[in-house]
Amino acid sequence: MIGFARTDNSVLSRWWWTVDRWTLAALVTLICFGLMLTLAASPAVAERLGLESLHFVRRQLAFLGPALATIVAVSLLSPRDVRRLGTIVFAVALVLMALTLVAGTEINGAKRWLDILGLSLQPSEILKPGFVVLAAWMISAGRLHGNFPGYLIIAALYLLVMALLLMQPDMGMAGVISVVLFAQFFLAGPPLLWVGLVIVLGLMALVGAYYAFPHVASRVDSFLDPSAGDSYQVNTALEAFMNGGVLGRGPGEGTIKEILPDAHSDFIFAVAGEELGLFACLVIVALFAFVVLRGFSRMLQENNLFVLLAVTGLLVQFGLQTAIHMATTLKLMPTKGMTLPLISYGGSSLFGIALAMGMVLALTRRRVGPRGV
Amino acid sequence: MAGGGYGDVANSLPGGRAGVGDHEHRMRLEGVRKQVIETGRNRLLVIGALFGFGFLVIAGRLADVTIFKQGNEPRLAQAVPVSTWKAERADIVDRNGVLLATSLATASLYANPRHILDAGEAARQLTRLLPELNPAEVRSKLTSNRGFVWLRRHLTPRQQYAVNRLGIPGLYFQREERQVYPHGRLLSHVLGFVGVDNRGLAGVEKSFDETLRQSISALQLSLDVRLQHIMRQELAAAMATFGAIGAAGIMLDVRSGEVLAMVSLPDFDPNNPAAGPVEDTFNRNTHGVYEMGSTFKIFTTAMALDTGTATLNSGYDATKPIRISRFVITDYKPKKRWLSVPEIFVYSSNIGAVKMALDVGTANQKAYLARLGLLRPAAIELPEVGAPIVPSPWGKVHTMTIAFGHGIAVSPVQLVSAVAAIVNGGIMRPATLIRRGPGERDPGVRVISARTSERMRRLLRQVVVQGTGRKAAVNGYMVGGKTGTSEKVGARGYRRKALLSSFVGVFPMDDPRYVVFALLDEPRGTTQTFGYATGGWVAAPIVGRTIARAAPLLGVAPVDETAPQIRRKMYVRINSRDPRVASY
């Protein structure tokens, strides 16, 4: 363990003594789980895709260093720097997202990826934390400084982002960003009548999506009526959980993962279920819940509205993705491809989450008073 | 506030006024901030609770799935309860429950040509595996721009495995069902067959098509595969011996009308009905109608006895052939003397039969034959039923020829049903292919008196004891019957050498249970039969051998035919005026 004297006043030492080490430990543990599960789940997928079997493992390992570095580096920032970083990240990601529409690579019928120097980048993953931080800034400023049009600005940006996401299309990402923004809006304390109005609008958007996008309709249908559509993937995932049982088959001993599509990304939790069993899965759930709820509990002492909104937004994003991923693999909701933060394979997703968690750590560092923002 | 500086905050505050002091301004700002933060924290508790609840639900579901294995749709191997599985067609079984027809699941190979990467290579590999496919045709199918082409229906599991092993993308299997007839040719004409879409196209498969498609329980026929097998074997052997072009045979329960065996040769394999010539699907027993010849004397004699125009003691002069218009009616082996009614029947005298029929009269004859079901198509449960050929108008000359079975053509199943009515006490029941339980018997219609029936039994017994049907005798089983031989109609009248030789047998004659009928189409005499190909020589032995093998299976106990009480029961006073003919 790194030892820092409490009196050491260097940047790193100050960081060590002020950062939330428990959350950091939980994140690192999750990353370790992720590495192990990628090692278990990805060779079968890689072989199916005609790649050498450790292709994904190698790449994920290569991403891990930068991701950890990002978490630590970003967590060193002050809240004001976080705000600046978020804004810059959002601006850059927005431009890249616009680029994907013209120069994007199409995978499974969606244009979400951009090829940069041989690396395939999903700008929307990077955009998310930037947008959350920007939204926190705009809402808090709008709330506290009456004549600042924060709500208008963020509403305009939100519509722009939605337009770009629906053109890709990426319904899941659009949904997550909408829910996160709603949570921030809700926290900023508008009358409950407004909140209700927004909820009704959201439900209407969901119904609209059901009718406007055939693939959304088919997934909802096949969830409600298993005989209506192809539920092979989620049924295979359930089979994996059942095969794992309470104690699991043991690391590397899974068999159903071999036939589970997207086992390394959208369905990695099922691989955890098969190989590690119920107890390890509960540990993973607990770790995620710990990160989210501990972050929230720290916010209960927070006096800075921007920090409150930003951290809550980032954690809602983190927790929501986790919950959607787990609920999908457990057939608690219609299939929605969503990576499990820090665990699923995917450079963009990992980097985006690292950015978000770095920001959370930075904003939850112990400070004296409503400093910095 | 480092992030602030956007105008005068106080303006937006409730009750705020311009011109308040800087300190008060800050204080108000601080108040708003505190209030907003407070609301935010409180609402954060709601979000936190939602997340906590969500994670708990996930944890619960994890336990649910991993411990209790309660996935919505378990796909791990699980037996499907048999009762809920329904085949496309119900099974068909014989009277003892032996499986005659069933549906088997098969895989049919089809392709999506748009997913085929290399059509040439795929066609090459497939035709190597399935040589019955035409390479050029497969190739053109696989290069077509359609999304679905059938390649081969009903693969065997081994073939399916081999095709799967090829690993050609774009090939798929469709689960289908195929009708299978485990007994092959044995019941071909009765069962019929189905088309590629599993709809019945012939036989019971067609007549019960709707029932079979809807029912879960098996359709039970009246047939007995063991008897069917015996009948078919004996007919096939005789057909080969006498070089006949076809044969037909029926075994029928005289009390219920149930058909126990029904064989028509040549036959076909219902598993592959298209393999043989289409003529082989012709059912001689129900579809074919024939001039039956002397077996019709059973009906002539019965109606004469029943109407009372003749008795067992009366007789007719048979010294001279009968001439009517351009026909001359003679006897096959003329006795050239007065013959009693039993003699006419036993020696099968055409002249005597004609004279009996003339006494009965045209109207009576027609009425009796109608009640015996000989003038309308048989009511049996098969789609292949031939209509009898009946004279119209029905003149005196027809009455005379019909007396000995010419000028009227009926199907074997009609003949057998009518004979059953003559011997069973006089009750006519239509022949059926469906098993009848004890309570489900057709009550039937009385056609002759029980007394006439009893006398006919004695006469039929005498045919086998001392008449033309001696070769049908089986010691102990009290066989009776009547031979029938007719010349087939050719382009120029009757063909002397093309015979239809038949024998309709009944046993045991003292209490008839079964009618056994055999017919050979164009048999040729052999040295063993001294060149004869008549019913008595070629068909009677088939019936005899069939009864000898079938009677033990049917549970008919043999009796001592020479025992006095049996002989007395079957006694007929021949009343011959020829001293050489002894009374039996």
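To find a chain, count down the sequence lines: A is the first, B the second, and so on, and within it residues start at 1. Given the structure is predicted, the values throughout are model-derived calculations rather than measurements. Because only heavy atoms are used, hydrogens play no part in the values below, and waters and symmetry mates are left out as well, while side chains stay in.
Once rounded to the nearest 0.5 Å, the distance linking CZ of F241(A) with CD1 of I67(B) reads 13.0 Å. A distance of 9.5 Å separates CG in D64(B) from CE in M242(A), rounded to the nearest 0.5 Å. Here F185(A) contributes atom CZ and R43(B) contributes atom CZ; the two are 8.5 Å apart, rounded to the nearest 0.5 Å. Remark: L187(A) CG to R41(B) CZ distance equals 12.0 Å, nearest 0.5 Å.
Both the backbone and the side chain of A289(A) come within less than 4.5 Å of a heavy atom of chain B. In this structure, chain B has a heavy atom under 4.5 Å from the side chain of V195(A), while its backbone stays farther away. With a 4.5 angstrom heavy-atom cutoff, I324(A) does not touch chain B via any of its atoms. Residue E274(A): no heavy atom, backbone or side chain, is found under 4.5 Å from chain B. Proximity to chain B is limited to the side chain of L293(A), based on heavy atoms less than 4.5 angstrom apart. Heavy atoms closer than 4.5 Å to chain B are found nowhere in P149(A), neither backbone nor side chain. Both the backbone and the side chain of V316(A) come within contact range of chain B, with heavy atoms under 4.5 Å apart.
The two residues T312(A) and L44(B) make their nearest non-hydrogen contact at CG2-CD1, 3.5 Å. The two residues I47(B) and A183(A) come nearest to each other via the heavy atoms CD1-CB, 3.9 Å. Listed here is the closest heavy atom pair of N304(A) and I37(B): C-CD1, 3.5 Å.
Taking the side chain as every heavy atom from C-beta outward, F279(A) and T66(B) never approach each other to under 4.5 Å.
Heavy atoms of other residues, nucleotides or ligands lying less than 6.0 angstrom from CZ of F173(B) number more than 12. Within a 6.0 Å radius of CH2 in W194(A), no more than 12 heavy atoms belonging to other residues, nucleotides or ligands are found. Around the CD atom of E47(A), the shell of radius 6.0 Å holds more than 12 heavy atoms that belong to other residues, nucleotides or ligands. Annotation: R294(A), atom CZ; neighbour count of heavy atoms from other residues, nucleotides and ligands within 6.0 Å is above 12.
Of all the listed residues (V285(A), T322(A), L330(A), L305(A)), the one sharing the greatest number of non-hydrogen pairs under 4.5 Å with chain B is L330(A).
Looking at R61(B), its side chain never comes within 3.5 Å of a backbone N or O of A327(A) through a donor-acceptor pair.
Residues of residues 49-60 of chain B that come closer than 4.5 Å to chain A, counting heavy atoms only, are F51(B), G52(B), F55(B), V57(B), I58(B), A59(B), ordered by residue number.
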